[in-house]
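Take a look at the structure set out below.
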Amino acid sequence: RDGYQVASMDAAWRSSAFTALSRMHFKVKDYAEAISYAQKALKMGAENIDALQIQYIAGKILNNESAIKSSQLALESIDPLNPFLNFESLWLNKTAEAEKLFLSSVKQELRTEAFLELAIWYHSMQLQDRAIKVLEVAPQNTETLYWLAFLNRENNTGKNWLNKAEQSSPEYVFPFREESQPIFEWASQSSKNWRSDYLQALLYRYRNQGEKALSLLSKNTSGSIDFAPYFAVRSELESKANPSESIEDLILASKLDPKEWRYGKLLSNQYRIQKDYKKALEIASKYYKSNPTNYILGMNYSRMLLLNKNY
C-alpha cells in the first residue's frame, strides 16, 4: 500500500496508483475508501473503466446512489459496448429477460473473449460468484470451462466442469491472457488430459517461449490425441531442432484432418526445407488436385514443380 502511495506522488503514475489502492480497499471490504480512491483516480482520468466499475459495485454495496449514478452514466457514455452494466442488471434481477439482454449486448467476433474478460475482472476483485455466473450463462469453450472448474474447485461442481473441459474441443481457442496460466497449470495437476497442456503451450508460444511450449506438447503420447492442430503446433515448434519429427507430426495432423489443405502445404514445405523435392512435389500435387481453385496451393505446387525442374 505504501508503494502505491509513493507512486501517486508522480503525476504519470497517480491514476494507476489510486486505482490500485481502490482495488486493495475493495478487497478488504473497506468500500468507502474504495470509492474515495476510485474518485481520486477519476479526477486524473475520467475514462478509467476500472475505477468506474469499482465505484459502481462499491456504491451498490453501500447504497451510495451518487456513486452508482455517476459511474453508470460515465460507463454508458464512454464504453457503451462494455457488458458490465448489463451483467450487473442480471445479477440484481436474475430474470430470463435480463440474461437475454446481457448475452445480446455482446456482438463482436469471438464473443466468448468479451465474457471471459469480464469474468476475469470479477475474479481479480475477489467477486467469485459473479465471475462464475458470467461464465455459466455465456457461450463456453475449453478455456472458459477450465476457468469454471477452477472457480468451483472447492465445491461439488468443480469436477463436473473439469470433465466438460476435458471432453470439449479446443478448436479456435487461442489463449493469450496471463491470468489463464495458473488455471491451466492447476488443470494439468488435477488431471492428465492433453487439453490443458495444449492451451498452456499456446500461451507460451504467444510469448515466444517455444522451448517451454514444446516441452508441454511432448509430454503426451500421440496415440491418445485426436486433435490435428496439436500436432501442427508441435511440428512448427520442433521444425528446426527435429525436422524429421516435425514431418511425422504433420503427417499425423493430415491423417486426422485430411480435408484441411493447410497441413498439406506445411508438409510439402517441410519436405522442401529438407531438400526432399520429390516428396515435396508429391504432397503439393496431391493437395492441389484436391483443391484446384485454391490459388495458394496452386502457387505452392508451381514452386515444387520448379524445384524439380519440371517446367
Any donor-acceptor pair under 3.5 Å linking the side chain of [X] with the backbone of [Y]?
X      : Y      : result
Asn242 : Glu245 : no
Ser190 : Ala187 : no
Ser77  : Leu73  : no
Ser168 : Ala165 : yes
Arg195 : Glu166 : yes
Lys27  : Ser124 : yes
Ser254 : Ile251 : yes
Asn308 : Met304 : yes
Ser290 : Lys286 : yes
Ser22  : Phe18  : no

Write down the atom of [X], the atom of [Y], and the distance for their closest heavy-atom approach.
X      : Y      : value
Thr19  : Ala41  : OG1-CB, 3.5 Å
Arg111 : Ser104 : NH2-N, 4.5 Å
Thr144 : Thr112 : CG2-CG2, 3.5 Å
Pro243 : Gln274 : CB-NE2, 3.0 Å
Asn300 : Ser268 : ND2-OG, 2.8 Å
Lys289 : Pro292 : O-CD, 3.6 Å

_Sidechain N-carboxylate O distance under 4.0 Å for Arg177, Glu179_ =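 Not counted as a salt bridge, because no side-chain N and carboxylate O are separated by less than 4.0 Å.
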*Thinking salt bridges, do Glu282 and Lys279 make one under a 4.0 Å N-O criterion?*
yes
Does the side chain of [X] come under 3.5 Å of the side chain of [Y] through a donor N or O and an acceptor N or O?
X      : Y      : answer
Arg272 : Asn269 : yes
Thr157 : Asn152 : yes
Tyr204 : Glu211 : no
Glu185 : Gln189 : no
Asp79  : Asn82  : yes

_Listed once per pair and sorted, the ring-ring contact (aromatic ring centres under 6.0 Å, His included) pairs that draw on residues 251-291, sequence neighbours left out_ = Tyr288-Tyr301
If I take atom [atom1] from residue [X] and atom [atom2] from residue [Y], how far apart are they, to the nearest 0.5 angstrom?
X      : Y      : atom1 : atom2 : answer
Leu162 : Asn193 : CG    : CG    : 8.0 Å
His123 : Leu135 : NE2   : CG    : 10.5 Å
Leu306 : Leu281 : CG    : CG    : 10.5 Å
Tyr311 : Leu305 : OH    : CG    : 10.5 Å

Not counting sequence neighbours, which residues clear side chain to side chain contact (heavy atoms under 4.5 Å, CB included) with [X]? List them please.
X      : value
Lys164 : Leu145, Trp161
Tyr198 : Pro170, Trp194, Leu202, Leu217, Phe227, Pro229, Tyr230, Val233
Pro258 : none
Ser235 : Ser246, Asp249, Leu250

Please tell me if the side chains of [X] and [Y] come closer than 4.5 Å, counting only heavy atoms from C-beta onward.
X      : Y      : result
Arg207 : Lys212 : no
Leu52  : Ile78  : yes
Val28  : Glu33  : no
Trp91  : Phe102 : no

Mind listing the side-chain donor-acceptor pairs of residues 55-62 below 3.5 Å, one per line with the distance, residues two or more places apart or on another chain?
| unit_1 | atom_1 | unit_2 | atom_2 | d |
| --- | --- | --- | --- | --- |
| Gln55 | OE1 | Gln39 | NE2 | 3.3 |
| Gln55 | NE2 | Ser70 | OG | 3.4 |
| Gln55 | NE2 | Ser71 | OG | 2.6 |

_Can you tell me how the ring of Phe184 sits relative to the ring of Tyr146, calling it parallel under 30°, perpendicular over 60° and tilted otherwise?_
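If you compare the ring of Phe184 with that of Tyr146, the planes turn out perpendicular.
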*Could you check Leu151, Asp129, Val134 and say which one makes a side chain to side chain contact (heavy atoms under 4.5 Å, CB included) with Tyr122?*
Val134
